[in-house]
Amino acid sequence: MKKSENFKKVLIVLLSTILVILSSCFIEEKIESSRKIEMNSIDDITMTIKEHTLTKTSMSIIITDTTGFNNAYGGGCEYRIDKKINGDWQEMKKIKNLPSYLEVFYVDEQNKLEFDIDWSITYGELETGEYRLVKSIDIEKKLYEFTVEFEIF
């Protein structure tokens, strides 16, 4: 009789543990889906390349933000580069990761913010092809990505 009671206790503890693990996975998945990335979905925020600055290893970008909110943008290191391959965008592999800094910037009185971006260390010299630079911003606990497309000849 004691063995049967011990078995029931072990079974209850085991089932409870499994239930807790499964529910925490569900909660984590729900949190991630609530932070779903929206690409280029806010009309009042745009990103462009400053004229005559694009090279195989760098560019200057201009973010224009007319939302009226005090949105904070990560520094020049906070980005990724995607390459268009067979019509699909694919994230490029970095050759070296740089440390991330908690530096933030805001648009000026003309609602503009300019960054110089040098990817020579993280991605190297880009080959001929179609690319896009992707920067992200967190607005009200939702992650948005903004892109600017460019071509290297």
Side-chain angles (χ1 to χ4, degrees), residues 14-153:
L14 183 62
L15 290 174
S16 298
T17 303
I18 290 171
L19 184 62
V20 166
I21 290 171
L22 289 176
S23 65
S24 69
C25 289
F26 175 75
I27 290 170
E28 198 171 297
E29 183 178 311
K30 190 151 182 97
I31 289 170
E32 278 306 306
S33 69
S34 72
R35 285 187 46 86
K36 184 178 179 186
I37 294 174
E38 301 281 337
M39 189 160 300
N40 297 322
S41 61
I42 298 179
D43 292 333
D44 296 332
I45 300 176
T46 59
M47 187 165 54
T48 57
I49 301 170
K50 185 177 180 180
E51 256 188 279
H52 309 295
T53 63
L54 177 62
T55 71
K56 292 182 177 191
T57 58
S58 66
M59 74 167 69
S60 293
I61 60 166
I62 300 170
I63 295 174
T64 304
D65 181 341
T66 57
T67 61
F69 297 110
N70 199 19
N71 296 323
Y73 293 88
C77 295
E78 309 273 329
Y79 66 90
R80 77 169 195 265
I81 295 179
D82 297 340
K83 184 174 185 180
K84 194 178 249 186
I85 300 173
N86 297 324
D88 293 321
W89 289 110
Q90 295 182 17
E91 187 173 339
M92 290 184 57
K93 184 177 178 184
K94 292 182 179 181
I95 55 176
K96 183 175 184 176
N97 284 319
L98 292 177
S100 195
Y101 300 101
L102 295 177
E103 191 173 26
V104 294
F105 299 93
Y106 301 90
V107 295
D108 62 17
E109 29 317 314
Q110 283 82 39
N111 300 314
K112 296 190 182 298
L113 174 63
E114 188 175 317
F115 285 104
D116 294 324
I117 297 180
D118 180 348
W119 58 75
S120 60
I121 295 172
T122 50
Y123 292 101
E125 189 173 292
L126 299 181
E127 302 171 351
T128 299
E130 291 181 67
Y131 297 88
R132 70 179 176 189
L133 183 120
V134 182
K135 283 191 74 62
S136 59
I137 181 172
D138 193 319
I139 301 174
E140 296 181 2
K141 300 187 185 204
K142 193 165 188 178
L143 194 60
Y144 294 88
E145 289 186 332
F146 298 94
T147 65
V148 62
E149 295 180 16
F150 59 98
E151 194 167 348
I152 299 293
F153 297 97

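Going from atom NZ of K93 over to atom CD of Q90 covers 14.0 Å, rounded to the nearest 0.5 Å. Remark: S58 OG to D116 CG distance equals 8.0 Å, nearest 0.5 Å. In this structure, F146 CZ and T48 OG1 are separated by 13.0 Å, a value rounded to the nearest 0.5 Å. To the nearest 0.5 Å, atom CE of residue M39 and atom OG of residue S136 are 9.5 Å apart. Residue K112 holds its NZ atom at 6.5 Å from OG1 of T46, rounded to the nearest 0.5 Å. To the nearest 0.5 Å, atoms OG1 (T57) and CD1 (I152) are separated by 8.5 Å.
Y106 and D65 form no side-chain donor-acceptor contact under 3.5 Å, judged by distance and modelled atom types alone. Side-chain contact, N40 with T147: a donor N or O sits under 3.5 Å from an acceptor N or O. Using modelled atom types and a 3.5 Å distance limit, the side chains of T122 and K96 yield no donor-acceptor pair. A donor-acceptor pair shorter than 3.5 Å cannot be found between the side chains of T66 and N111.
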Exercise for the section: Go through the steps to decide whether D108 and L113 satisfy the test side-chain contact (heavy atoms from CB on, under 4.5 Å), and finish with yes or no. Expected result: CA-CA 6 Å; D108 62 17; L113 174 63; over 6 Å; no
Exercise for the section: Carefully, step by step, assess F105 and F115 under the rule ring-ring contact (aromatic ring centres under 6.0 Å, His included). Expected result: CA-CA 10 Å; F105 299 93; F115 285 104; 5.6 Å; yes
When the side chains of residues 123-131 are checked against the rest of the protein, which donor-acceptor pairs come out under 3.5 Å, sequence neighbours left out?
from: Y123; atom 1: OH; to: I81; atom 2: N; distance (Å): 3.1
from: Y131; atom 1: OH; to: E127; atom 2: N; distance (Å): 3.3
from: Y131; atom 1: OH; to: E127; atom 2: O; distance (Å): 2.8

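A salt bridge does not link E151 with R132: none of the charged nitrogens is closer than 4.0 Å to a carboxylate oxygen. Ion pairing between a basic and an acidic side chain is recognised when a charged N comes within 4.0 Å of a carboxylate O; K84 and D82 show no such pairing. Between K135 and E145 no salt bridge is recorded (no basic side-chain N to carboxylate O distance below 4.0 Å).
The neighbour count for I121 CD1, taken as heavy atoms of other residues, nucleotides or ligands under 6.0 Å away, does not exceed 12.
Taking the side chain as every heavy atom from C-beta outward, I49 and I62 never approach each other to under 4.5 Å. Between M47 and L133, some side-chain heavy-atom pair lies under the 4.5 Å cut-off. Taking the side chain as every heavy atom from C-beta outward, Y73 and V104 never approach each other to under 4.5 Å.
In terms of modelled atom types and a separation under 3.5 Å, the side chain of W119 and the main chain of R80 share no donor-acceptor contact. A donor-acceptor distance shorter than 3.5 angstrom exists from the side chain of T53 to the backbone of K50, with no hydrogens or angles considered.
Screening I45, D44, I42 for a side chain to side chain contact (heavy atoms under 4.5 Å, CB included) with N71, the sole residue that qualifies is I45.
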